[in-house]
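Structure, as structure tokens:
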Amino acid sequence: MSMELEYHLDKIEEGRVRVEITYAGVELGVLYFEKAKRGFVNKPISMDGWRCVDAKVERLYEHGGVETTPKDMVAKCQELLRDY
């Protein structure tokens, strides 16, 4: 069974975004991202990159999170945030 997850981005304030991840209308997780501050140069996050600062994904495992991992979710969110 392939899970087709939906990602809903919601701007909290400038430089902060909440991403709700759902599957078939059921919330599986919420991730919070902040834009890296100017001068932040630690790899692999560059200046103006987005970093995950908090996450809650317990419901992923309740709904068969075998093929999709939290790491996959973060990677997909960062991909979506590149153009945000």
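Side-chain atoms of Leu81 and Phe33, non-hydrogen and from C-beta on, do get closer than 4.5 Å to each other. Within the 4.5 Å cutoff, the side chain of Tyr7 has no heavy atoms near those of the Glu20 side chain. For the pair Val30 and Val19, the minimum side-chain heavy-atom distance is 4.5 Å or more. Side-chain contact between Val74 and Leu31 is present, with heavy atoms from C-beta onward closer than 4.5 Å. Looking at heavy atoms from C-beta onward, Val17 lies out of side-chain contact with Cys77 at the 4.5 angstrom threshold.
Interatomic distance, CG of Leu9 versus NZ of Lys11, reported as 12.0 Å (0.5 Å rounding). Here the CD atom belonging to Glu34 is positioned 10.0 Å from the CG atom belonging to Asp54, to the nearest 0.5 angstrom. Rounded to the nearest 0.5 Å, atoms CD (Glu58) and NZ (Lys56) are 6.5 Å apart. Interatomic distance, OG1 of Thr69 versus CE of Met73, reported as 8.5 Å (0.5 Å rounding). Here the straight-line distance linking atom CZ of Arg51 with atom NZ of Lys35 works out to 12.5 Å at 0.5 Å rounding.
Side chain of Thr22 to backbone of Gly25: no donor-acceptor contact under 3.5 angstrom is found. Side-chain atoms of Gln78 come within 3.5 Å of backbone atoms of Trp50 as a donor-acceptor pair (strictly under, hydrogens ignored).
Note on Tyr32 and Val57: separate hydrophobic clusters, where clusters join Ile, Leu, Val, Met, Phe, Trp and Tyr whose side-chain heavy atoms are under 4.5 Å apart, directly or indirectly. Residues Leu80 and Leu28 share a hydrophobic cluster, clusters being chains of Ile/Leu/Val/Met/Phe/Trp/Tyr side chains in contact below 4.5 Å.
Using a cutoff of 4.0 Å between basic side-chain nitrogens and carboxylate oxygens, Arg59 and Glu27 are not scored as salt-bridged.
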